[in-house]
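Along the sequence shown, residues carry numbers from 1.
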Amino acid sequence: MENGEEYINALDQAINDEEIRNIAITAPYGAGKSSVIKTYVKKHPSLKYTFISMATFNSNEGNSQEDKKNEEIPLEKIENVILKQFFYKIKKNMLPQSRYNKIEKMSYMYIFIWTFCVNIFCLIGSVLFFPDVLKEKVINCINFLIDLGIPEFWSYVIIPCLVLLHMIILTIIIKQGMIKLKLKEIKLFSNATLGNEAIDEKSIFNKNIDEILYFFEATGYEVVFFEDLDRLENNDIFIELRDLNFIINNYEGLEKPVKFVYAVKDELFHNKEERTKFFDYIIPIVPIINESNSEDVFLKEFENNAEYNISEEYIKDIAPFVSDMRVLYNIFNEFKIYKRTLKDSDSIKLVDEKMLSLIIFKNLYPKDFAELQNEQDESIVKQAFKNKQSFIEKDVEKIRESINQLEEQIILVKEDCLKSTKELKYAFCGYLANWEITISAIGRREPYHNSKEFSIKQILDDNFNFENIYKEGSSYYICYPSGYSINKEGIDSNKMKKKYIDYCRRWKALKLLRR
């Protein structure tokens with residue numbers, strides 16, 4: 001990543017500053033926020049950290065704002081998921097006093113040893129408290145084996161073997177019983193239950209704050225990295241997390257302050273006051289790729305691969321549509337797999353550029369691409385091909401209309417007695433003065449007492465746009481010299497508009513003919 005060291009140094013400075021507790025890494029999606037965090041963690045192996053990532057999909061894309069608000073993920077559910085990610089990461093023995101119980105994997109040997117210890121404990125108890133009963137049971141077993149024709153010596157070997165077999169069978173039964181055990185609900189804590197029942201409206205963080213404090217005290221985590229929280233479209237979780245961070249860092253049982261680092265999009269908050277009020281330190285990430293430089297990234301990926309027949313002109317056409325680095329790499333990787341998997345045949349000749357176009361379409365519009373493969377669905381691409389002829393006919397009709405208009409203008413120019421734009425402008429000015437005087441300028445008064453004058457020299461210039469003279473709703477006047485002063489005389493607005501439209505039409509026709 002370009003300028004990667006700058007981001008790493010800034011993040012390191014923020015984490016080492018005891019006064020900074022809430023840090024934001026801001027950038028658009030795919031700009032490299034996660035890469036900065038992973039690089040920082042890799043360069044600091046002694047750092048005690050944990051990741052919280054919220055996976056979500058934009059299933060309500062295209063819905064109204066009211067629908068999106070109704071489908072907003074409840075705050076309690078988000079908090080519940082965060083707590084699960086906290087406690088499921090570490091082993092149970094790291095939090096021996098926690099009320100949060102997790103199922104642990106037990107081996108056959110572990111169960112057998114416990115079974116053996118229980119049997120030994122029972123045997124010692126029987127020897128100490130019921131020796132006569134134990135002696136009678138052993139004698140009865142020996143007599144039973146002797147009655148079966150087994151010598152007395154072998155009885156003392158068979159009985160311990162039977163006891164051992166009993167413990168092995170018991171171990172297998174216990175292990176299989178634990179595997180087949182089904183959980184109807186998982187109790188996260190004494191007051192929080194994750195199941196089909198409705199979640200209590202009270203904050204999950206507040207209800208289990210003692211467990212959270214114990215978690216950080218026991219694990220010694222210094223930094224918590226939060227990713228994709230902004231995708232949940234519920235900014236209340238940031239308020240809850242900031243309050244939680246404040247409570248954690250005010251707890252005297254912690255040796256070091258706990259930092260929360262959030263990887264979020266730039267537009268998370270609406271104004272700068274909200275951003276600076278919530279975050280103590282903000283690190284902006286400059287996107288590696290955007291519409292302006294995606295062409296260079298594409299070319300770099302394909303320039304060292306002579307096996308691909310991708311032209312530079314094609315890259316220039318498609319590159320602006322891909323502005324996410326992760327999408328770009330995914331497109332390139334998928335293209336390589338398709339290229340190596342699919343082979344040319346007698347009926348199909350594969351073209352690299354067409355194949356790459358389909359891969360880009362697949363990544364940018366996955367739903368439409370899936371519909372494209374289903375013969376029963378009417379995808380947007382199938383609809384486009386189906387309506388191809390009607391699109392062509394509409395374009396042809398527009399071209400015909402343009403040709404007809406041009407032919408009319410050519411006829412108009414040939415029939416016009418004035419043969420240049422300058423002659424036309426002279427005639428227009430003469431018409432405004434009733435062919436009685438020589439005018440020096442045309443003036444226009446706009447609302448709020450704004451006025452603008454166009455001199456004859458300016459109007460007659462070939463580069464002057466004749467359409468600039470007229471403006472709807474304005475009044476007009478002409479200026480002409482009289483002795484040593486300039487007189488102004490008003491023009492009837494209807495007269496001005498009617499004649500201007502005629503002269504402007506003729507002026508456009510002459511301009512077109514001169515091209």
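Between atom OG of residue Ser474 and atom CD1 of residue Ile469 there is a gap of 12.5 Å, rounded to the nearest 0.5 Å. A distance of 10.0 Å separates CD of Gln13 from CG of Leu11, quoted to the nearest 0.5 Å. Here CD1 of Ile392 is found 11.0 Å from CG of Asn387. Values are rounded to the nearest 0.5 Å. Distance check: Ile331 CD1 to Ile318 CD1 gives 7.5 Å after rounding to the nearest 0.5 Å. Taken to the nearest 0.5 Å, the CD atom of Glu255 stands 9.0 Å off from the CD atom of Glu217. Separating the CD atom in Glu334 from the CG atom in Leu356 is a distance of 11.0 Å, to the nearest 0.5 Å.
Under a 4.0 Å N-O distance rule, the pair Lys43/Glu5 qualifies as a salt bridge.
Of the possible polar contacts, none joining the Lys259 side chain to the Ile23 backbone as a donor-acceptor pair under 3.5 Å is found. Asn363 contributes no side-chain N or O that, together with a main-chain N or O of Leu328, makes up a donor-acceptor pair within less than 3.5 Å. Looking only at distances, a side-chain donor or acceptor of Asp280 sits under 3.5 Å from a matching main-chain atom of Asn22. One N or O on the side chain of Glu353 and one on the backbone of Ser311 form a donor-acceptor pair closer than 3.5 Å. No donor-acceptor pair closer than 3.5 Å links the side chain of Lys33 to the backbone N or O of Ile285.
The minimum heavy-atom distance between Val322 and Ile360, with the atom names listed, is CG2-CG2, 4.3 Å. The two residues Ser53 and Gln85 make their nearest non-hydrogen contact at O-NE2, 2.8 Å. Shown here for Ile248 and Leu213, the closest heavy-atom pair between the two residues is CA-CD2, 3.8 Å.
Within a 6.0 Å radius of CZ in Phe361, more than 12 heavy atoms belonging to other residues, nucleotides or ligands are found. The number of heavy atoms from other shown groups lying within 6.0 Å of CZ (Phe246) does not exceed 12. Shown here is Phe369, whose CZ atom has more than 12 heavy atoms of other residues, nucleotides or ligands within 6.0 Å.
Aromatic ring pairs are classed by plane angle as parallel below 30°, tilted from 30° to 60° and perpendicular above 60°; the pair Tyr262 and Phe238 is tilted.
For Phe216 and Phe86, the gap between ring centers is short of 6.0 Å.
For the residue pair Tyr314 / Ser357, a side-chain donor-acceptor distance below 3.5 Å is found, with atom types taken as modelled.
Paired with Phe226 under the rule side-chain contact (heavy atoms from CB on, under 4.5 Å), one option of Val261, Ile237, Ile52 passes, and it is Ile52.
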field: Worked verdict on Val36 versus Ile283 for side-chain contact (heavy atoms from CB on, under 4.5 Å)
entry: CA-CA 10 Å; Val36 170; Ile283 303 173; over 6 Å; no

query: Is there a side-chain contact (heavy atoms from CB on, under 4.5 Å) between Leu83 and Phe205 once you walk through the steps?
result: CA-CA 8 Å; Leu83 289 182; Phe205 286 165; 4.0 Å; yes

query: Can you check side-chain contact (heavy atoms from CB on, under 4.5 Å) on Tyr49 and His44, steps first, answer last?
result: CA-CA 10 Å; Tyr49 66 92; His44 297 80; over 6 Å; no

message: Working note: Lys265 + Thr26, criterion side-chain contact (heavy atoms from CB on, under 4.5 Å); need CA distance, chi angles, decisive distance, verdict.
response: CA-CA 5 Å; Lys265 58 187 177 182; Thr26 63; over 6 Å; no

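Cation-pi geometry between Arg242 and Phe278 is met: under 6.0 angstrom from the ring centre, within 45 degrees of the axis.
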